[in-house]
Student: 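First the structure, which I've put down as structure tokens, then a few questions once you've had a look.
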Amino acid sequence: MAPNGRQRVPKWLAAIGGGIILFAFGLAILHLNLYWRPELGLPGVIDHRVHLWNAIGHFVSALGLLLIFATAASTATLALSRRFATKWLYWTAVVFVICCVTAWLATNGVLHYNASFHWDSSAGVTAFKVVLPPQEWPNPLWQEIVRWQIEPELNGCLSGGSTLEHTDGEVAVTVLKIIPIATPTALGSDGEVLHNVERRKP
């Protein structure tokens, strides 16, 4: 209880809230990218500043997801430690597990998928689904978190200076294991395949 009588917000809850805000702010940066337009004097080339803006957006959103995950993991670890009398043995096991997970992520921590989508010039991406192999569980929340990070760039790429009316397609995406930090693999550089394409009439 705080000195003024008000209940204090737990630190772990404040940290998770801060992570959610950071993640949302990163997504807002991606959505507000002003540089999905042709380079001056080069009608067929997108403004080079688009990549820096996207990198900043992905970095901020990734920080938010990392903060949420780190807070949840550390809170659970500390809560579990209270059940063990031999603290040094418990923390030795925790450090060992962290080292193993870190080594595993360093060698197998990045996944590559294809995602199917439908895009419309008036509504943007209206359908998006990461195609998972049969052995992976189709987690709806995971699908949405990945979509939130990919959708702004996909919208920008398909609408920026193009004559597309609507299209279906597939896009390559890269996702980090455990924490669903996602980016398009090579958007605009053969990273997407379009079909059922309809263009605006001149």
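Not measured: the values here are computed from a predicted model. Residue numbers start at 1 and run along the sequence shown.
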Student: If every non-hydrogen atom of Glu192 is compared with every non-hydrogen atom of Ala186, which pair is closest and at what distance?
Tutor: OE1-O, 4.1 Å
Student: Taking only residues two or more places apart in sequence, or in another chain, which ones meet Arg49 in a salt bridge (Lys or Arg N to Asp or Glu O under 4.0 Å)?
Tutor: Asp47
Student: Any non-hydrogen side-chain atom of Trp142 less than 4.5 Å from a side-chain atom of Val175?
Tutor: yes
Student: Side chain to side chain donor-acceptor pair (under 3.5 Å) with His118: which residues, sequence neighbours excluded?
Tutor: Asp168
Student: Going by the side chain to side chain donor-acceptor pair (under 3.5 Å) test, which pairs reach into residues 57-67, not counting sequence neighbours?
Tutor: His58-Glu153
Student: Pairs in or reaching into residues 123-140: which pass side chain to side chain donor-acceptor pair (under 3.5 Å), with residues at least two apart or in two chains?
Tutor: Tyr113-Glu136
Student: Please round to the nearest 0.5 Å and tell me the distance separating atom CG of Leu154 and atom CG of Leu30.
Tutor: 12.5 Å
Student: Can you give the donor-acceptor pairs under 3.5 Å from side chains of residues 19-29 to other protein atoms, not counting sequence neighbours?
Tutor:
none

Student: Within the 4.5 Å heavy-atom criterion, are Val171 and Phe128 side-chain neighbours or not?
Tutor: yes
Student: Which residues satisfy the side chain to side chain donor-acceptor pair (under 3.5 Å) test with Ser74, sequence neighbours excluded?
Tutor: none
Student: When you measure from the side chain of Gln149 to the backbone N and O of Pro180, does any donor-acceptor pair fall under 3.5 Å?
Tutor: yes
Student: Between atom CG of Asn54 and atom CG of Leu187, what is the distance when rounded to the nearest 0.5 Å?
Tutor: 8.5 Å
Student: Of all the heavy-atom pairs spanning Ala115 and Val173, show the shortest one and how long it is.
Tutor: CB-CG1, 4.5 Å
Student: With a 4.5 Å limit on heavy-atom distance, are the side chains of Glu170 and Val131 in contact?
Tutor: no
Student: According to ring pair (Phe, Tyr, Trp, His ring centres under 6.0 Å), who are the partners of Trp53, at least two apart in sequence or on a separate chain?
Tutor: Tyr35
Student: Can you list the residues that meet the ring pair (Phe, Tyr, Trp, His ring centres under 6.0 Å) rule with Phe69, with sequence neighbours excluded?
Tutor: none
Student: Would you please name every residue forming a side-chain contact (heavy atoms from CB on, under 4.5 Å) with Leu164, sequence neighbours left out?
Tutor: Trp119, Leu158, Ser162, Thr167, Leu194, Val197, Arg199
Student: Among residues at least two apart in sequence or on other chains, which ones pass side chain to side chain donor-acceptor pair (under 3.5 Å) with Thr183?
Tutor: none
Student: Which pair of heavy atoms, one from Asn155 and one from Val125, lies closest together, and at what distance?
Tutor: OD1-N, 2.9 Å
Student: Just to verify, what does Gln143 make a side chain to side chain donor-acceptor pair (under 3.5 Å) with, not counting sequence neighbours?
Tutor: none
